[in-house]
Amino acid sequence: MRMLNTAAEREEAAALVQDRRRWLTLHGLPVPARADTPVQFREAQTLSAGLFEDGRLLACLIPERDPDLGWGQGPCLFLGCVHTLPGQSDDITRLITLWASDFAARLDLHVVRAEILARHALEAEPLAALLRRLTDTGWDLCGSGLGRDGDRVARLELPAEHRPGLRALISCQVHAPQPALSDRSNA
């Protein structure tokens with residue numbers, strides 16, 4: 001896991017996001033309303049990170065510290081704009097989960113938070129299957145509501161946990177995120 005530092009890496013992340021959006025559309029799944037996410041990954045000022053394996057980008061995300069989510073108590077590591085390469089196994093999500101839990105603990109944060117698009121009831125498929133996979137990997141479902149981008153989301157929390165043995169599996173070259181700017185609205 002490392003920061004996306006070059007224009008080429010940021011462009012690759014933007015392409016991954018576009019591929020994921022197409023995949024969701026082709027499979028009849030909801031696509032986030034926010035259309036500028038690929039642009040956001042292209043911008044050098046966005047401190048984004050990627051999960052790489054043998055030089056191949058498998059996932060990208062924007063880690064933030066203490067964003068104003070309007071839900072959850074206390075400081076957190078927030079995983080924003082998480083996108084995985086379509087057609088890959090759930091192992092990518094599991095690796096991101098393990099890394100995020102360990103990374104938050106190393107930042108002296110107690111919890112990781114994330115939001116997943118949930119336009120329908122949380123019990124409705126295919127969202128229910130995704131939520132089951134996430135809770136099986138350690139995430140806690142904290143209900144639903146409006147997310148930071150105005151979409152209805154499922155709210156997730158993951159306890160931070162030091163995982164010293166993880167470094168043999170996942171190298172971490174992600175910088176500690178700065179506190180999130182409170183320039184976003186939930187409207």
Side-chain angles (χ1 to χ4, degrees), residues 1-6 9-10 12-13 16-17 20 40-41 45-85 88-118 122 127 129-145 147-149 153-182 184:
M1 189 67 110
R2 62 183 163 87
M3 302 304 292
L4 301 177
N5 291 318
T6 68
E9 289 173 341
R10 291 188 298 272
E12 186 177 0
L16 185 150
V17 170
R20 171 55 75 182
Q40 194 174 9
F41 276 98
Q45 66 268 25
T46 300
L47 299 178
S48 52
L51 175 65
F52 289 84
E53 182 177 54
D54 298 326
R56 183 176 180 214
L57 181 63
L58 300 178
C60 57
L61 56 94
I62 301 172
E64 295 179 82
R65 184 183 183 112
D66 303 328
D68 180 15
L69 299 175
W71 63 274
Q73 298 295 315
C76 72
L77 171 66
F78 180 75
L79 302 184
C81 300
V82 178
H83 291 81
T84 59
L85 189 64
Q88 301 298 305
S89 71
D90 285 342
D91 291 340
I92 294 171
T93 304
R94 185 176 315 280
L95 288 174
I96 291 170
T97 297
L98 292 170
W99 167 80
S101 176
D102 180 67
F103 188 57
R106 286 187 281 128
L107 295 172
D108 291 323
L109 297 170
H110 299 288
V111 68
V112 181
R113 293 190 179 101
E115 297 175 339
I116 295 182
L117 189 61
L122 300 183
L127 177 63
L130 172 61
L131 293 173
R132 280 192 301 275
R133 287 194 306 270
L134 291 170
T135 56
D136 287 348
T137 62
W139 289 90
D140 295 317
L141 180 60
C142 299
S144 64
R148 60 189 298 189
D149 293 327
V153 297
R155 298 168 173 168
L156 298 165
E157 287 189 342
L158 175 70
E161 179 182 338
H162 285 283
R163 301 171 187 273
L166 185 64
R167 293 187 184 119
L169 182 62
I170 302 175
S171 168
C172 180
Q173 300 168 19
V174 176
H175 308 300
Q178 298 299 313
L181 299 175
S182 58
R184 295 181 187 215

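- For the residue pair A59 and L16, the shortest heavy atom distance occurs at N-CD1, 4.0 Å.
- Taking NE2 from H110 and CG from L77, the interatomic distance works out to 13.0 Å, rounded to the nearest 0.5 Å.
- Residues passing the ring pair (Phe, Tyr, Trp, His ring centres under 6.0 Å) test with F78, sequence neighbours excluded: none.
- Rounded to the nearest 0.5 angstrom, L98 CG and T93 OG1 are separated by 11.0 Å.
- Listed by chain and number, the residues in a side-chain hydrogen bond (donor to acceptor under 3.5 Å, both in side chains) with R20 are T84 (sequence neighbours excluded).
- Not counting sequence neighbours, the partners of V174 by the side chain to side chain contact (heavy atoms under 4.5 Å, CB included) test are M1, M3, A49, P63, W99, F103, C172.
- Applying the side chain to side chain donor-acceptor pair (under 3.5 Å) test to pairs two or more places apart or on separate chains, none has a residue in residues 50-63.
- The salt bridge (Lys or Arg N to Asp or Glu O under 4.0 Å) test applied to E161 returns R163, not counting sequence neighbours.
- Salt-bridge check for D102 with R106: passed, with a basic side-chain N closer than 4.0 Å to an acidic carboxylate O.
- One finds the CG atom of L57 at 8.0 Å from the CG atom of L51 (value rounded to the nearest 0.5 Å).
- Across all non-hydrogen atoms, the minimal contact from F41 to C81 is CZ-O, 3.5 Å.
- Here the side chains of L141 and L156 are in contact, with some heavy-atom distance below 4.5 Å.
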Residues D136, R133; criterion side chain to side chain contact (heavy atoms under 4.5 Å, CB included); working and verdict: CA-CA 5 Å; D136 287 348; R133 287 194 306 270; 5.6 Å; no

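- For the salt bridge (Lys or Arg N to Asp or Glu O under 4.0 Å) test, no residue two or more places apart in sequence or in another chain qualifies with E12.
- Note on E157 versus R113: salt bridge recorded, some NZ/NE/NH1/NH2 to OD/OE distance being below 4.0 Å.
- No side-chain donor-acceptor contact under 3.5 Å links S101 to the backbone of T97.
- Remark: P75 engages D66, L109 in a side chain to side chain contact (heavy atoms under 4.5 Å, CB included) (not counting sequence neighbours).
- Applying the ring pair (Phe, Tyr, Trp, His ring centres under 6.0 Å) criterion to W139, with sequence neighbours excluded, gives no partner residue.
- Using a 4.5 Å cut-off on side-chain heavy atoms (C-beta onward), I116 and L134 make contact.
- Heavy-atom minimum distance, L158 versus A100: CD2-CB, 4.5 Å.
- In this structure, the separation between CZ on R65 and CG on L107 is 5.5 Å, given to the nearest 0.5 Å.
- At distances below 3.5 Å, not a single donor-acceptor pair connects side-chain atoms of T137 with backbone N or O atoms of R94.
- Residues V17 and C60 form a side-chain contact, since some pair of their non-hydrogen atoms from C-beta on lies under 4.5 Å apart.
- Every residue meeting the side chain to side chain contact (heavy atoms under 4.5 Å, CB included) condition with A160, not counting sequence neighbours, appears here in chain and number order: A104, A105.
- Partners of E9 by side-chain hydrogen bond (donor to acceptor under 3.5 Å, both in side chains), not counting sequence neighbours, listed by chain and number: R2.
- Of all non-hydrogen atoms in A13 and L4, the two that sit nearest each other are CB-CD1, 3.5 Å.
- Between the side chain of R155 and the backbone N or O of A114 there is no donor-acceptor pair closer than 3.5 Å.
- Rounded to the nearest 0.5 Å, atoms OG (S144) and CG (L117) are 11.5 Å apart.
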